[in-house]
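Working notes, structure below.
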Amino acid sequence: MKDVKISNIQFIFLLVSFIFGNSSVFTLGSGVSQDAWLAYILGWIAGLIIIGVIVYLAKLNQSKTLIGILTDSLGKYLGKSIALIYVVYFIIKGGWVLRTYGEFCKGAGYERTPLVFIISISALVLVYALNNGLEVLARANELLAPLLVTFTLVVTVLLIPEFTFDNFLPVFESSLGNILISSSTIACFPFGEVMVFLMIFPYMANEEKLVKFTYMTTIIIGFVIFISILRDLLVLGPELIDITIFPTNIVVGIVPSIQIQPPLLTAVYLIGCGIKAYVYVFAAITAITEIFGFDDYKPLVIPVTTLNVVIGMWIYDNVFEMLHSVTRNVPYIFLIFQFIIPVIMLIITIVKKQNKKQTIS
Amino acid sequence: MVDKKLMLLIIILVIPSLLLGCWDNRDFSEVSIVSAVGLDLTDDNKIIATLQIVKPSQLKGQQEGSSNNERATWVHSSKGDTVVEALRNQLNVVNRIMDYSHLQLLVIGEKFAKESIVDVLSSFESGTETEKEINVVIAKGMSAERILRAESELETVSVMHIKDIIDNSRIRATMNDSRMMDILKDIATPGLNSTVSVIETVREEPELEIKDLRIEGLGIFKKDKLVGYFDKNPTKGLLFAINEVDGGIIAIKNPLNENKNICTEILDCEGKIKAEVVNNEPKLSIGVRMISEIECQQGSEDLTSVALIKELEKRIKEKVIEDITKALNSAQKEYKSDVFGFGKVLYKTNLKYWNEVKDNWDDIFSDTKVNINVSVEMKRSGLLKRSLDKK
């Protein structure tokens, strides 16, 4: 499988779809009313720091996946057992992405369609794409990712007449503590999730440029998400942002004259969440393959995707739990995987490199 | 051969994914389309929901161009403890499941509005079916049901008639278009009380028609409760101040002949609410800039000299100030409700001061003098300089 290579532009678009993914289903930074944009910017900056650790780690360990890095720096047994925990993390995250998409569909239109049906149908597409490999998906995504960005920007432009610019004011009504809590969740989700790309970086054709590309993409897509948060805030106002479950859905429905945007929005989320779930499942499968030294990951596709669907169904009892977890508890647990372990890896790698240099000299 | 089987499999798998939305599919012929909802509160706190349902047969008739005098809508009321329950109870009588996606108008009875408007609106806001841009009106001094039963001679679906009148409100300058979302936003904004347009009867008839209704004026709210009404003139004044006017007629006396009138049209009107804090005292003012033209004139005097145009501008200005003062007086003295949004401006610009006064803002607002600055510019007079001389 190592001979699969994705080009620069394919990598950029993959990262765009991944970060955009299910993050816009929720209003990032809600809970601090009109200071949401401020919380977002802080979270964005913190996210860039987390991503900095991840790309630096990848740069020092070129052509090695996360599993390779773990086993090299922690030894075979400890490295592989932590790698297994990562596999669980990827599968849970993948299931969670499917669940958020399904929950959005149910909330926004398919009221009577059973959740399991929506999720499994999406998973079927996932299985098909996984069987075809990363390259096929990356190429398909070249067409799909621009749609995500274009849709967001077009809707924003169409809504300019509805903007109320004093919705920003008064700045800093919520306390700094609340803003920081809100921004720390944004740092974990969506930016911290880029960690999973440690499994993807080795497939890049131009791996030496990964730092530049990752940063460029994160800044561009971060800006697009920023625009969509501003738009929601300017159209709905601070209070409605805080009380609506899927604000974007309402905002998009306000666009005058044409009435096709809500279905389009669902389609856009299908693309975003589909790509995101794909990346997670792909990471989980390739990780398992590498840990146990299998030749081919294809036999794993159906079992792991099925596991994803099941976890997606089990992970929350209701939509309230899901919303609560996104904005409050779970991101901190994920921070261990996204930041703390990579930092430890990074330190070990640097120390090892220096030892090597010393022994050579 | 294998490829063909694979293709078949893919097609079988893809088709269900395209048909997700058909899970609870309801054909057009199986739903009844609701054009308007009216909500009333009874004395024992029950909610009466009235629906105006479009008759499907009548819709068909319209398409073929036939004109029969039968009513195109069917109106029925049902009772319940909550709004949603009352609406659902309609199914005890109506055979087809209601479809609210074409809802045009929400009429709220006076008694209900006095209780709480948020309860009503949030139950509509929460539903995924309704558009968030439906207009809301208050039935002044009568039940919402009667408005829905009023017939129109111009439109087959009578509520479309009312809806179109509301849509023209920006050039009539006598009411808001009061979209549901805007009302909710206003209620949630600190320091701003919301206003909702009003419908009342002019002539009491057993069978009301739209022409017996007056769709004009605003209901004044305090938080989410209706406290009173503005009639035509104060409404105009309020709308001038909060920049909700794009057009409208102002009639003034002809300066050369006091028995005759001159009608002027507003071409552009910009209102601004200002509030600042000086020495810990709020300083409130209203600024209005207006551009107008002479639309028609009684009497044949030539009004186009510079001095006379100045005089006309002065008279319009007095008229506008009069309207705004009326609105201010009744908002400050009668209802003690800050519908202008001075408090909102303070909240946005001076949060510290606002936190001190927010609990008794309505009282402070009522006792504070408001400066009104109006500037009027008379730009043109259509194609004529003056009326025809009668010789």
Side-chain angles (χ1 to χ4, degrees), chain A residues 33-34 102 104-115 117-128 131-132 162 164-174 234-247 249-256 259 262-263 266-267 270 274, chain B residues 6-7 9-26 97 101-102 118 121-122 124-134 179-192 243 272-273 275 341 343-355 358:
Chain A
S33 306
Q34 65 271 43
F104 173 78
C105 282
K106 264 190 94 80
Y110 304 120
E111 278 170 70
R112 309 269 167 174
T113 315
L115 189 62
F117 199 75
I118 301 176
I119 293 182
S120 4
I121 291 291
S122 324
L124 271 181
V125 184
L126 217 60
V127 168
Y128 175 73
N131 270 325
N132 279 307
E162 296 279 337
T164 322
F165 284 98
D166 64 358
N167 278 348
F168 286 122
L169 298 170
V171 186
F172 278 123
E173 197 192 5
S174 26
L234 290 180
V235 172
L236 287 181
E239 186 65 22
L240 285 184
I241 277 254
D242 278 357
I243 65 168
T244 45
I245 293 184
F246 302 116
N249 194 37
I250 294 182
V251 169
V252 165
I254 294 173
V255 179
Q259 285 302 319
T266 317
L270 177 59
Chain B
L6 191 72
M7 279 309 290
L9 188 70
I10 290 170
I11 289 170
I12 291 171
L13 291 180
V14 163
I15 284 174
S17 70
L18 296 175
L19 297 177
L20 275 183
C22 301
W23 195 275
D24 55 342
N25 172 43
R26 287 196 301 252
I97 292 169
S101 54
H102 295 270
V118 172
L121 296 185
S122 53
F124 277 87
E125 184 77 10
S126 185
T128 50
E129 258 189 4
T130 46
E131 275 190 51
K132 314 299 173 201
E133 287 192 300
I134 52 174
R179 295 185 304 171
M180 185 165 81
M181 260 211 19
D182 295 338
I183 299 170
L184 284 172
K185 269 193 262 181
D186 285 355
I187 291 172
T189 310
L192 173 66
N243 196 16
K272 201 167 166 54
I273 299 288
K344 176 183 158 192
V345 178
L346 283 176
Y347 161 72
K348 299 260 181 205
T349 54
N350 201 334
L351 187 63
K352 212 174 129 222
Y353 176 77
W354 173 251
N355 281 333
K358 66 179 173 193

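So you know, we letter chains A, B, ... as the sequences are listed, proteins then strands, and number each from 1.
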Minimal non-hydrogen separation, A:Val235 against B:Met181, with atom names: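 It is O-CE, 4.4 Å.
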
Is there a salt bridge (Lys or Arg N to Asp or Glu O under 4.0 Å) between A:Glu162 and B:Arg179 once you walk through the steps? CA-CA 13 Å; A:Glu162 296 279 337; B:Arg179 295 185 304 171; 3.3 Å; yes

State, with a plain yes or no, whether a side-chain heavy atom of A:Glu239 is found less than 4.5 Å away from one of B:Thr189.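 Not touching, per the 4.5 Å side-chain cut-off.
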
Report, as yes or no, whether the 6.0 Å neighbourhood of atom OH on B:Tyr353 holds more than 12 heavy atoms from other residues, nucleotides or ligands.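 Buried by this count: over 12 neighbours within 6.0 Å.
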
Please check: side-chain N/O of B:Lys348 versus main-chain N/O of A:Asp166, any donor-acceptor pairing under 3.5 Å?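 Pair found, side chain donor or acceptor close to backbone of A:Asp166.
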
To the closest 0.5 Å, what do you measure between CG (A:Leu124) and CD1 (B:Ile12)?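 Reported to 0.5 Å precision, the distance equals 12.0 Å.
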
Contacts of type side chain to side chain contact (heavy atoms under 4.5 Å, CB included), residue A:Asn131, not counting sequence neighbours: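 Applying side chain to side chain contact (heavy atoms under 4.5 Å, CB included) to A:Asn131 gives A:Val127, A:Lys298, A:Val301.
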
Partner set under side chain to side chain donor-acceptor pair (under 3.5 Å) for A:Gln34, not counting sequence neighbours: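 Per chain and number, A:Gln34 pairs via side chain to side chain donor-acceptor pair (under 3.5 Å) with A:Glu173, B:Tyr347.
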
